[in-house]
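Report on the structure given below.
Remember, it's 1-based here, ligands and their atoms both numbered in the order they're listed. It should be emphasised that the depicted structure is a prediction, and the values quoted were computed from it without experimental measurement.
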Amino acid sequence: MLPPNSFKGKVVFITGGGTGIGRGLTTVFSSLGATCVIASRKIDVLKATAEEISSQTGNKVHAIQCDVRDPGMVKNAVSELIKIAGHPDVVINNAAGNFISLSERLSSNAWKTITDIVLNGTAYVTLEIGKELIKAEKGAAFLAITTIYAKSGSAFVVPSASAKAGVEIMSLSLAAEWSRYGMRFNVIQPGPIKTKGAFSRLDPTGEFEQEMIERLPCGRLGTVEEISNLAAFLCSDYASWINGSIIRFDGGEYVFLSGEFNSLMKVTTQQWDMLEQLIRKTES
Ligand code: HXC
Ligand code: NAP
């Protein structure tokens, strides 16, 4: 956790801030003194989260209804954000849509729904806020939450993987172009973190959770608190020179699955003794 009041006087805008990871992000930024503004489709969920966090931290959390797929709604949400809280110092594109599916079962609307939320929604929010910040001559730290399969690709979540990869390239491109306006753009690529929103759509029966854990060399899923603390650091002045970075945050999953010899983890000490002897014998 950063020192108390690290975000005192700062405004933090978080899409999808009412649930799961977004709720965790809002809690941490609010605890550190920020005024948070959270936006998504379900205003009742947002309001309940805002009230709960605000009463816990003593700092104001505002809720704005916004479907990020709708550029008009995004424009209105950004005007409201500026009206009620001022220009944001931190912008987190966290909202997403996803489900596992055979790709041959995807309709064009299924594809459009996911890519509209993840890629276009992130673009509308970023462009709308970016333009306002440029006009106001104010910098900000932008953060996007993607996923480790934005790099590797993944079966059965093809629209999400494609859209998240687009979000990463958008962040890197704007890190180059808008640094001159004092804006920074970074990305966190999380591995699996148990939230209702994600797990109900990616593991609806619950039977893959153990498999997911077995793919993690640290032997456990990530937590909302862990990602929220990393996000707070990346968006704080302590990280002011971090720009255009993609931080993998997966308990070692990516390297564990890709390393050529990692499956030798199952070899016992006795077997290693035997293997060593064989290798030494061929050397002599
Ligand atoms: C195939 C499906 C489907 C499914 C929906 N569709 N679910 N197709 N398999 N399981 C199709 C529908 O038939 C429809 O196409 C189109 O997708 C839109 O569906 P709607 O239900 O009308 O969409 P909507 O009400 O807008 O809801 C969007 C949603 C929903 C994405 C489908 O799940 C949602 O609201 N999700 C938000 C939260 C979320 O997904 N969180 C998880 C994030 S986890 P047709 O052709 O019939 O009209 C994550 C990364 C995790 O992103 C990484 C882990 C490591
Ligand atoms: P979640 O609780 O389902 O969060 C998704 C959020 O997005 C919800 O608050 C939802 O709010 C909002 N949202 C969805 N569609 C929207 C739209 N059209 N407009 C505005 N907001 C919309 O799941 P989560 O696990 O916390 O996911 C948060 C982020 O982490 C996502 O970007 C996800 O891809 C990423 N991630 C999660 C995991 C994981 O294992 N949990 C791993 C890697 C990456 P409404 O329903 O109110 O709109």
Please check this pair: side chain of Thr282 against backbone of Ile279, looking for a donor-acceptor N/O pair closer than 3.5 Å. yes
Kindly write out the residues that satisfy side-chain contact (heavy atoms from CB on, under 4.5 Å) with Asn98, not counting sequence neighbours, or none if the list is empty. Tyr149, Val157, Ser160, Leu202
The criterion is side-chain contact (heavy atoms from CB on, under 4.5 Å); which residues satisfy it with Thr113, sequence neighbours excluded? Arg69, Asn109, Ile117
Would you call Glu209 and Lys194 a salt bridge, taking side-chain N to carboxylate O under 4.0 Å as the test? yes
Donor-acceptor contact below 3.5 Å, side chain Asn93 vs main chain Val125: no
Glu80 with Lys83: basic N within carboxylate O range, under 4.0 Å: no
Closest heavy-atom contact between Ser228 and Gly24? OG-C, 3.1 Å
I'd like to know if the side chain of Ser54 and the backbone of Glu51 have a donor-acceptor N/O pair within less than 3.5 Å. no
Would you tabulate the polar-atom pairs, meaning N/O of ligand 1 against N/O of the protein, with distances under 3.5 Å, reported to 0.1 Å?
| from | atom 1 | to | atom 2 | distance (Å) |
| --- | --- | --- | --- | --- |
| ligand 1 | 15 (O) | Ser107 | OG | 3.3 |
| ligand 1 | 26 (O) | Arg69 | NH1 | 3.0 |
| ligand 1 | 26 (O) | Arg69 | NH2 | 3.3 |
| ligand 1 | 33 (O) | Arg201 | NE | 2.7 |
| ligand 1 | 35 (O) | Arg41 | NH1 | 3.2 |
| ligand 1 | 35 (O) | Arg41 | NH2 | 2.8 |
| ligand 1 | 36 (N) | Arg201 | NE | 3.4 |
| ligand 1 | 40 (O) | Asn98 | N | 2.9 |
| ligand 1 | 40 (O) | Asn98 | O | 3.4 |
| ligand 1 | 46 (O) | Ser107 | OG | 2.5 |
| ligand 1 | 48 (O) | Asn109 | ND2 | 2.9 |
| ligand 1 | 52 (O) | Asn98 | ND2 | 3.3 |

Could you name the protein residues that come within less than 4.0 Å of ligand 2, counting only heavy atoms, and order them by chain and residue number? Gly16, Thr19, Gly20, Ile21, Ser40, Arg41, Lys42, Cys66, Asp67, Val68, Arg69, Asn94, Ala95, Ala96, Ile117, Ile145, Thr146, Thr147, Lys164, Pro190, Gly191, Pro192, Ile193, Thr195, Gly197, Ala198
Would you say Asn94's side chain and Gly17's backbone share a donor-acceptor pair under 3.5 angstrom? no
